[in-house]
Amino acid sequence: MTEADIDAVSAVRVRGWQAAYRGLMPQAYLDAMSVAADAEQRRSWFGRRSPEVSDLVAERDGDVVGWACVGPARDPDIAPGAEELPAPPPTAGELLALYVAPGLIGTGVGRALMAAATARARANGYRALYLWVVRGNTRAQRFYERARFVPDGAEEAYKVGGRSVPELRYRRPLTPEPESEPEPPPPGPSPRSGP
């Protein structure tokens, strides 16, 4: 992502929130979201963000149609030592955001962004990738579960428009897990099909 992508990324993010969180967050808050205000805030962050944070965009015909952001995990229980100076290198990453233009959900844009974010997390040496998803956002939960994320039991809520919005934390290991040896077949005749 470059600074020139900020307006398009903000449009994807705001429209994504308005579509995904309808019924899960106060409608007045969603209706009041502004692409221009989001872009202004994103511009102020862009120049001072950590070099460990990667913003990735998906394009179609030259237009930004999706955005993902990945960086070091922020939660103290999965980023031990983060308060130490000098901090040890993080071993866990976090998918901080993944949004696709609402009209393109289900077309593979999200899967491509997930693959790129996962590859970036591996390249940064992370052994696990975490994310937070709003409880009740079943479409996103299914998407992450198909990408091999599982809930790790952590829950947290934050205020949006004066209402408490609960989130669930998901985790996915990034290192290949050892494959177990296949079980030997039971003694006796081999199964076969037909009479």
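Everything numeric in this text was worked out from a predicted model, so none of it was measured.
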N/O donor-acceptor pairs under 3.5 Å from side chains in residues 55-73, not counting sequence neighbours:
residue, atom, partner, partner atom, Å
D55, OD1, W67, NE1, 3.0
D55, OD2, R49, NE, 3.1

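If you take CD on Q18 and CG on D31, they are separated by 7.0 Å, rounding to the nearest 0.5 Å. Rounding to the nearest 0.5 angstrom, the gap separating the CZ atom in R127 from the CG atom in N124 is 13.5 Å. Expressed to the nearest 0.5 Å, how far CZ of R120 lies from CG of L95 amounts to 12.5 Å. Between atom CD1 of residue I6 and atom CH2 of residue W45 there is a gap of 11.0 Å, rounded to the nearest 0.5 Å. The line from CZ of R42 to CE of M1 is 6.5 Å long, rounded to the nearest 0.5 Å.
R111 has its side chain out of reach of R146: every pair of non-hydrogen atoms, C-beta onward, lies at least 4.5 Å apart.
Under the 3.5 Å distance criterion, the side-chain polar atoms of R163 are matched with a main-chain donor or acceptor of L24. The closest donor-acceptor contact from the side chain of S44 to the backbone of Q41 lies under 3.5 Å. A donor-acceptor pair is defined here as one N or O able to donate and one able to accept, closer than 3.5 Å; no such pair exists between the side chain of R74 and the backbone of E94.
In this model, a donor atom of one side chain and an acceptor atom of the other lie less than 3.5 Å apart for Q141 and Y170.
Closest approach of A92 and Y130 over heavy atoms only: CB-CE1, 3.9 Å. Nearest heavy-atom pair, F149 versus L129, reported as atom, atom and distance to 0.1 Å: CE2-O, 3.3 Å.
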(message) Set out, in order, the CA-CA distance, both residues' side-chain angles and the distance that settles side chain to side chain contact (heavy atoms under 4.5 Å, CB included) for D77 and R169, then state yes or no.
(response) CA-CA 12 Å; D77 64 322; R169 189 171 67 190; 2.8 Å; yes
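Residues D152 and R172 are not paired through a salt bridge, judged by the lack of any N-O separation under 4.0 Å between the basic side chain and the carboxylate.
Applying the ring pair (Phe, Tyr, Trp, His ring centres under 6.0 Å) rule to pairs touching residues 18-41 yields W17-Y21, sequence neighbours excluded.
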